[in-house]
Amino acid sequence: MNPRHLHDLFRRRFPAFHHVSHDWHVLVSGAGEETDRVLTFLQKNFDDDMLLVHITRHIGGELPMADAARLVSEYAGRAEIRVFNRAFTSFAVIGSPGVATAWKVLPASSVTTAAPRPPVPTGRTQTEGDE
């Protein structure tokens, strides 16, 4: 998947994101190689082997988790990075100061709805004593 296609997919499917509604943790400090720390973060928050990484509309793609960790660690602190799985059920944002947050949502197919209610009878029904 090329970066432009990924950018279009990201714009259509990545959920609305409000920075203040998430817990943030320091992921990278900018002091040396931190790929192992990023990889641990991704492994903790994603069950998928392949991840979609969006850095800019020109940088990103669908990558194996280890490659995604390398790419994220390369750009962490320089851009707001979005990581998500192809099913759009697991998400992470790595902010430009090197902080990160992650969350999951239920897949649309697992959301259940209440059983439909039986129709409410309209009109009058006959009861005992009515004749």
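Side chains included, hydrogens not; waters and symmetry mates left out as well; all remaining heavy atoms used. These numbers come from a predicted model, not from an experiment.
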- Query: What are the two closest heavy atoms between W24 and G95, and how far apart are they?
  - Reply: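 Looking at all heavy atoms of both residues, the shortest contact is CZ3-N, 4.1 Å.
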- Item | Exercise: identify the closest heavy-atom pair between F46 and S90 | CE2-O, 3.3 Å
- Does F91 have any ring pair (Phe, Tyr, Trp, His ring centres under 6.0 Å) partners at least two apart in sequence or in another chain, and if so, which?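 For F91 the ring pair (Phe, Tyr, Trp, His ring centres under 6.0 Å) partners, ignoring immediate neighbours, are F14, W103.
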- Which distance, rounded to the nearest 0.5 Å, do you find between the CD of E80 and the CD1 of I94?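 Going from the CD atom of E80 to the CD1 atom of I94 covers 9.0 Å.
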- Message: Assigning hydrophobic clusters by single linkage (Ile, Leu, Val, Met, Phe, Trp, Tyr; side-chain heavy-atom cutoff under 4.5 Å), is F84 placed with V105?
- Response: yes
Distance-only donor-acceptor hits, side chain of residues 51-59, under 3.5 Å, sequence neighbours excluded:
residue: H54; atom: NE2; partner: H7; partner atom: ND1; Å: 2.8
residue: T56; atom: OG1; partner: H58; partner atom: N; Å: 3.1
residue: T56; atom: OG1; partner: I59; partner atom: N; Å: 3.1

- Task: Test side-chain contact (heavy atoms from CB on, under 4.5 Å) on E34 and V28 and set out the steps.
- Result: CA-CA 6 Å; E34 301 188 74; V28 295; 3.5 Å; yes
Would you check if [X] and [Y] make a side-chain contact, meaning some heavy-atom pair closer than 4.5 Å?
X: H25; Y: V99; result: no
X: V93; Y: R82; result: yes
X: V83; Y: V72; result: yes

- Message: Exactly one of N45, V38, T40 should register a side chain to side chain contact (heavy atoms under 4.5 Å, CB included) with L42. Which one does?
- Response: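 Result for side chain to side chain contact (heavy atoms under 4.5 Å, CB included) with L42: V38.
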Taking side chain to side chain donor-acceptor pair (under 3.5 Å) as the test, write out the residues that go with [X], two or more places apart.
X: D48; result: N85
X: R86; result: E62
X: R37; result: none

- Message: Before you tell me yes or no, could you show the steps for L63 and M50 under side-chain contact (heavy atoms from CB on, under 4.5 Å), namely the whole-Å CA-CA distance, both residues' side-chain angles and the distance that decides it to 0.1 Å?
- Response: CA-CA 5 Å; L63 304 165; M50 297 295 286; 5.7 Å; no
- Not counting sequence neighbours, which residues clear salt bridge (charged side-chain N to carboxylate O under 4.0 Å, His left out) with D23? List them please.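 For D23 there are no salt bridge (charged side-chain N to carboxylate O under 4.0 Å, His left out) partners, ignoring immediate neighbours.
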- Quick one: side-chain hydrogen bond (donor to acceptor under 3.5 Å, both in side chains) pairs with a partner in residues 70-79, sequence neighbours left out?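 Residue pairs with at least one partner in residues 70-79: T35-S73, D67-R70.
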